[in-house]
Amino acid sequence: MDDDNITVNEEGRSSVSFIEQIIIDDLKAGKNGGRIHTRFPPEPNGYLHIGHAKAICLDFGMALKYGGKCNLRFDDTNPVKEDVEYVDSIKEDIHWLGFDWEEREFYASDYFGKLFEYAVDLIKRGLAYVDDQSAEKISEQKGTPVKAGQDSPYKNRTVEENLDLFYRMNEGEFDEGAKVLRAKIDMSSPNMHMRDPIIYRILKKSHHRTGSKWNVYPMYDFAHGESDYYEGITHSLCTLEFEVHRPLYDWLVEHLKTDDYRPRQIEFNRLNLTYTVMSKRKLLELVQEGRVSGWDDPRMPTLCGLRRRGYTPESVKKFVDMIGYTKVEAINDVTLLEHAVRDDLNVKAPRVFGVLKPLKVVITNYPEDMVEDLEVINNPEDESMGSRKVHFCKDVYIERDDFMEDPPNKFFRLAPGREVRLKGAYIVKCDSFRKNDNGEIEEIYCTYDSETRSGGGSNRKVKGTLHWVSARHAADAEIRLYDRLFKHEDPAGEKDTDFREFLNPDSLEVLKGCKIEPWLAEARPLEKFQFQRMGYFCVDYDSTPAKPVFNRTVSLKDPWAKINK
RNA sequence: UGCUCCGUGGUGUAACUGGCAACACGUCUGACUCUGGAUCAGAAGAGUUCAGGUUCGAGCCCUGACGGAGCAACCA
C-alpha cells in the first residue's frame, strides 16, 4: 500500500476520494467476494492525454492500493475510427506512467462473439428488435429530452423475424444504415438513453483486429457493461458524461448476469486544464491542420507531448493526485501542473550553465591565455550528485537580460559600475561596454577581483549572481521555449468563438546560437537539466551532438519578471 | 422547460454518525542564500449560491428558488 499521497487531517484520519470510499466500503462489506478489479478502457482512436492519466492513475492506482487488478481494455467497437497505430502509443504511455496490466491486455472486439450471442438471446427473450427505419426517422421518433418518444412500427416483430433479420444483417445482406438492432426498453423514458437504444449497427468495414469477419458491430453502450461483466470488473470508473448511461449499463448487465456478481459504474469529473483543449477531436484538428508539429509537440497536453517537453511521470502523477476526484466540473490551473514538475525536477535535475541569449563579456584584467577549471556543485538539493569542472577564461557569455545600461534600483545584476558574482567563479565589475552601429550592446568590459574565487574564503558580498559560460569552450545549441498554446483560459468554453481564435501565436520561440557547457552536447534525448536561473530543460528528440536541441520544460519561479512588469 | 448531476477563499480539494471551515497551488511580507531558484517564518483571502425550516448547534438534514453542466451520434 502506498500511503504517501493520502491527506491526513488533525485527528489522524485519512481523507480519500468518494470513489475510494466506495471501494473501501465495498471491500469491507465483502461485495463481489471482497475483491477489486478495475479496467482502463481507451478507444484506440488517438493519443492519450493528461486527462487519461487521471483515469489511469485511478484505475490502476486503486487496484494496486487495494490488492486488486486492473485490465487494459481497448474499446474498439467502431472500426471506422480506430487504428493499430494508436494501440502501441497507448501502451507505451501507460508504461511510461509506471503502470502495468501484466497479461491482461483485452479488446472489446475479443467479445464480439459473446456479444452477438447475447444480442440473439435478448431477441429470443423479446427484449430486442430489428428496426428498418432510417437514422432520421429513428431520431425523430426518439422525441426530445422534454418530449416523449414514440414506438417504432417495427417494435412488435416476431422473435423469428427479428432473429432471421439480425443474422442476415451480419451476413452482409443489407446495406449500412438499412437496419439496426434495438433494445426494447421504454420510448417514453425521461432518460433518452433508455428509449430503445440502438445496440448493433451494420458496418461493412474491416476491423483492425477482426478483419472482415463481422458486418454488424455493437455500440459502446452494448459492449461496455458486458465487457466489464465478462472480465469480472468490480468498479467501472468513468467520466461524468456517462452518468446518464448508467441505467442502460445496469439494464444490460442485469439481463445478462447469471449470478450475484455485478460490476458497478461510478463516474468522476474529467480533467480540464487552463489554456489548453483536452478533447481528442480538437487535439486531432491541431495536428491535422499543422498548428502543432504533431501529437508529441511539447505544447500538447498529450502524454507524449508532456514527455517530450520534459515532464516526468512522477510529476504527472503528483499533479493528478493533487487535483483529486470529485463530481464537480472543474478547470484546473496549469500552474499547479508546473509546480508539480518544478517540485520533482528540483530534486532530480543536475544544475548546469546555459546561456539563452548570449552577451559577450571580456574580463580585461584576466590573463589572456589562462584557463581555470572551476569546481561547481551539481545539485545543492542532493549532495550525492557530486560536482563537475567548468572552464573559465578571459571571455565569457552572460545572459543579455542580465545587463542593463541604465538599470532601475531593484535590478541586482550587471550594469556600468556595478558588481556581480559569476557563479562558481569570481566577482566582476563592469567598467564599460561597446555598442554596435544599431545601438545594441555588443560587448561588455569587466575587471575581476582575483581574491574572490569561489570557495576561496572571500566574504565579499554582492547582490547578484549570474550564470555564464566560457566563450572559448561553449557549445552552440538550439533552445525551444514554449508558452501556453492558447491565450484564453478556456479556449473551448466560448460558445460563439472557435477555439482556434485563441491560439497563442507566440507559443513557440526558437533560440539559436545559445551557449551551453560543451559536454551537454552529448546528452541523450529526454535527459533533464536545470539551466541555472533559467529553468528546467530537456534534450529534444531532434538533438544530435553536432547540433544539440533543448526544450524548456518550465521556467524557474522568477520574482524579477514580476517586478519588471 | 423533461431527466440526471453539481454549487465551499482566485484555483483545485478537505471537513468522521450535524460541533469554532482545513490543506495545496497562487498572492503578499520577511529571513536565508554564490540560482531574484530551493528552504524557512509569517500574512491576507471564503463564513460554504440564495431564502426559509428542523436543531442548543447546519457546509453537512428538509423545502423552495437561483446558477452551471450533461443527455435528443447507426461516436466513445
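Hydrogens, waters and symmetry mates are skipped; everything else that's a heavy atom, side chains included, is used. As the structure is a prediction and not an experimental result, all values here were calculated from the model.
What separates CH2 of A:Trp560 from C1' of B:G36 is a distance of 9 Å, to the nearest Å.
No close placement of the A:Phe531 and A:Tyr536 rings is indicated, their centers lying 6.0 Å or farther apart.
Scored by the ring pair (Phe, Tyr, Trp, His ring centres under 6.0 Å) test, A:Phe18 finds no partners at all (sequence neighbours excluded). Judged as a ring pair (Phe, Tyr, Trp, His ring centres under 6.0 Å), and not counting sequence neighbours, the contacts of A:Phe353 are A:Trp468. In this structure A:Tyr154 satisfies the ring pair (Phe, Tyr, Trp, His ring centres under 6.0 Å) test with no other residue, sequence neighbours excluded.
Take the nearest nucleotide of RNA chain B for A:Lys562 and for A:Lys410: the residue whose nucleotide is more 5' is A:Lys562.
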Between the protein and nucleotides 1-7 of chain B, which nitrogen or oxygen pairs are less than 3.5 angstrom apart?
from, atom 1, to, atom 2, distance (Å)
B:G2, N3, A:Pro145, O, 2.9

Tabulate atom names and distances for all N/O pairs under 3.5 angstrom spanning the protein and nucleotides 39-47 of chain B.
none

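For RNA chain B, runs of at least 3 consecutive pairs of the Watson-Crick or G-U wobble type, with both hydrogen-bonding distances under 3.5 angstrom, map to B:2-7 with B:66-71, B:10-13 with B:22-25, B:27-31 with B:39-43, B:49-53 with B:61-65.
The base of B:G36 has none of its N or O atoms less than 3.5 Å from a complementary donor or acceptor on the side chain of A:Arg533. No hydrogens or angles were tested; on distance alone, nothing pairs the side chain of A:His193 with the base of B:A73 as donor and acceptor under 3.5 Å.
B:A76 has no base stacking with the ring of A:Tyr220 when judged by centroids under 5.5 angstrom apart and an interplanar angle below 30°.
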